[in-house]
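For reference, the structure is listed below as structure tokens.
Chain A is the first sequence line, chain B the second, and so forth, proteins listed ahead of strands; every chain is numbered from 1.
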Protein chains: 2
Amino acid sequence: MARAVMRPFLTDETSLRADAQRNRERILAAAEEVFLERGAGASLEDVAKRAGVGIGTLYRRFATREELLAATYSARFLALAESSRARDADIGPLDGLRAYLEELVRHTSVYRGLAATLGTVMQVGTPGCVATSEEGARLLRRAQEAGVIRPDISFNDLICVAVAISLAIEQDSSPQTRIAHLVGVFIDGMAVH
Amino acid sequence: MARAVMRPFLTDETSLRADAQRNRERILAAAEEVFLERGAGASLEDVAKRAGVGIGTLYRRFATREELLAATYSARFLALAESSRARDADIGPLDGLRAYLEELVRHTSVYRGLAATLGTVMQVGTPGCVATSEEGARLLRRAQEAGVIRPDISFNDLICVAVAISLAIEQDSSPQTRIAHLVGVFIDGMAVH
DNA sequence: TACGATATGGAGGCATCCTCCGTTTGGCAA
DNA sequence: TTGCCAAACGGAGGATGCCTCCATATCGTA
């Protein structure tokens with residue numbers, strides 16, 4: 001139940017001292033590995049250890065677990081927004097939203113335990129989070145303007161849907177087909193009939 | 001990420017020694033209070049302390065947090081199943097399902113943090129969990145036989161929906177109206193068009 | 001080269017989990 | 001009633017993880 005922490009997110013170009021920048025990257029690489037192996041709740045001291053860095057260094061750079069998760073995800077989320085934008089011309093508004101949701105769920109299911117914190121993670125404000133949020137909002141607006149999605153659906157509803165499906169995927173182990181099935185159900189629910 | 005633990009659930013009539021039975025009830029009462037105050041992640045040692053019982057006693061009776069949560073919820077869930085059955089005659093299959101889901105979400109939102117573990121909790125097998133599961137499955141079957149809910153919807157989908165909505169409720173603080181809104185969306189998605 | 005701002009690391013305090021085992025107690029059989 | 005023992009008790013203690021703090025080290029600039 002971590003509170004959402006809004007603070008300026010430091011990207012690569014920010015004036016970090018060379019050693020700090022190097023350590024930041026080591027921490028991210030280690031976090032990626034450790035989260036993959038043991039889920040989003042893994043020990044941060046393990047991450048620091050694998051990065052060859054003191055725990056204090058990790059905490060100075062990433063004040064909360066959510067910040068670290070979000071940073072680890074930033075590249076992935078950037079790619080998601082990118083690929084969604086890329087297929088925009090070739091796909092209708094409803095299917096665009098469907099594809100976006102399916103991809104979001106797939107990304108969210110990479111680390112066991114990430115789903116439950118997705119809402120918080122999305123608020124941390126990394127470039128990837130921002131890009132993914134904006135893309136989702138854009139797709140939703142587009143579909144609503146095209147008259148295929150109900151006007152009373154909010155972006156929060158989308159995130160909530162993604163969280164739900166990811167959680168479901170985590171619990172039973174019936175992966176890919178179930179993602180499409182559940183996304184289909186929700187898209188139908190949001191559609192104008 | 002606790003694994004679901006299937007073990008025979010000890011109800012009141014089971015041959016527990018008198019002192020054990022007394023302590024079990026004290027623990028449940030204390031857990032109810034503590035979880036209400038501090039959410040489903042509260043310290044179990046606090047629960048034991050408030051119950052006036054050693055921590056070992058708590059663990060012997062409830063091997064996991066999920067078991068304790070489920071037991072605490074058992075009465076609530078029993079009531080839920082009961083009231084759902086009671087209104088069965090007065091309500092159509094679709095609205096019956098809707099009412100059930102709304103009530104399930106409301107129950108699940110009582111303790112902050114319960115939603116994320118609802119799936120696990122539902123598998124623990126307390127009388128309440130069983131009753132609620134069976135009632136949900138029955139409503140779903142009824143609605144599908146009436147031809148108003150798609151045949152490819154499973155009971156797991158329902159739980160997933162309840163989890164999603166509860167999580168959404170926990171995050172923003174826009175309670176009652178949002179429950180109805182989201183349940184409506186999902187019901188529409190599951191409906192036959 | 002020297003100096004101050006920046007960064008480092010890990011010890012340590014605290015919270016929680018969960019197990020283990022010596023002690024106590026309830027309930028039954030004699 | 002008494003005595004016995006299976007059942008239950010409690011809490012110390014080992015293990016893990018979180019996060020802070022500060023003496024020390026390092027970078028980059030003047």
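To the nearest angstrom, C1' of dT8(C) lies 14 Å from CG of Leu16(A). Computed from coordinates, the Leu68(A) CG to dC18(D) P distance equals 11 Å when rounded to whole Å. Atom CZ of Arg61(A) is separated from atom C1' of dC19(D) by 16 Å (rounded to the nearest Å). Distance Tyr59(A) OH to dC19(D) P: 4 Å, rounded to the nearest Å. Arg24(A) has its CZ atom 19 Å from the C1' atom of dC27(D), to the nearest Å. Note: CG (Leu44(A)) to P (dT20(D)) measures 12 Å, nearest angstrom. The CG-P distance, from Leu58(A) to dC18(D), rounds to 10 Å in whole Å. dA15(C) atom P lies 10 Å from atom NZ of Lys49(B), rounded to whole Å.
Heavy-atom distances to DNA chain C give each of Asp46(B) and Arg22(B) a nearest nucleotide, and the one nearer the 5′ end belongs to Asp46(B). Each of Gly56(B) and Asp19(A) was assigned the nucleotide of DNA chain D with the nearest heavy atom; the assignment lying further toward the 5' end belongs to Gly56(B). Toward the 5′ end of DNA chain C lies the nearest nucleotide of Gly41(B), the other residue of the pair Ala18(B) and Gly41(B) mapping further downstream.
An OP1 or OP2 oxygen of dT6(C) is reached within less than 4.0 angstrom by no side-chain nitrogen or oxygen of Arg60(A). Contact check, Arg65(A) against dC18(D): a side-chain N or O comes under 4.0 Å of OP1 or OP2.
In this structure, CG in Leu158(A) is found 9.5 Å from CE in Met122(A), a value given to the nearest 0.5 Å. Between atom CG of residue Asp157(B) and atom CZ of residue Arg178(A) there is a gap of 4.5 Å, rounded to the nearest 0.5 Å.
There is a side-chain donor-acceptor pair under 3.5 Å between Tyr111(B) and Glu32(B).
Terminal axes of the helix from dT1(C)-dA30(D) to dA30(C)-dT1(D) (five pairs each, C1' rotation axis) are separated by 0°, to the nearest 10°.
Put simply, Phe155(A) and Phe77(A) are part of the same group of oily side chains (I, L, V, M, F, W, Y) that touch within less than 4.5 Å, one to the next.
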query: Could you go step by step and tell me if Ser84(B) and Glu135(B) meet the side chain to side chain donor-acceptor pair (under 3.5 Å) rule?
result: CA-CA 8 Å; Ser84(B) 172; Glu135(B) 174 62 9; 2.6 Å; yes

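In terms of the salt bridge (Lys or Arg N to Asp or Glu O under 4.0 Å) criterion, residue partners of Glu37(B) (sequence neighbours excluded) are, by chain and number, Arg50(B).
For Gln21(A) against dC27(D), a side-chain-to-base donor-acceptor contact under 3.5 Å is absent.
Taking the side chain of Glu45(A) as heavy atoms from C-beta on, and the options dG9(C), dC19(D), dG26(C), the nearest nucleotide is dC19(D). For Arg17(A), whose side chain is taken as the heavy atoms from C-beta onward, the closest listed nucleotide among dC27(D), dG9(C), dT20(D) is dC27(D).
Using a 4.0 Å cut-off between charged side-chain N and carboxylate O, Glu103(A) and Arg98(A) make no salt bridge. A salt bridge is defined here as a Lys NZ or Arg NE, NH1 or NH2 lying under 4.0 Å from an Asp or Glu carboxylate O, and Glu82(B) with Arg85(B) meets this definition.
In this structure, Thr57(A) reaches the bases: a heavy-atom distance under 4.0 Å links it to at least one base atom across the strands shown. Counting non-hydrogen atoms under 4.0 angstrom, Asn23(A) reaches the backbone sugars and phosphates but no base.
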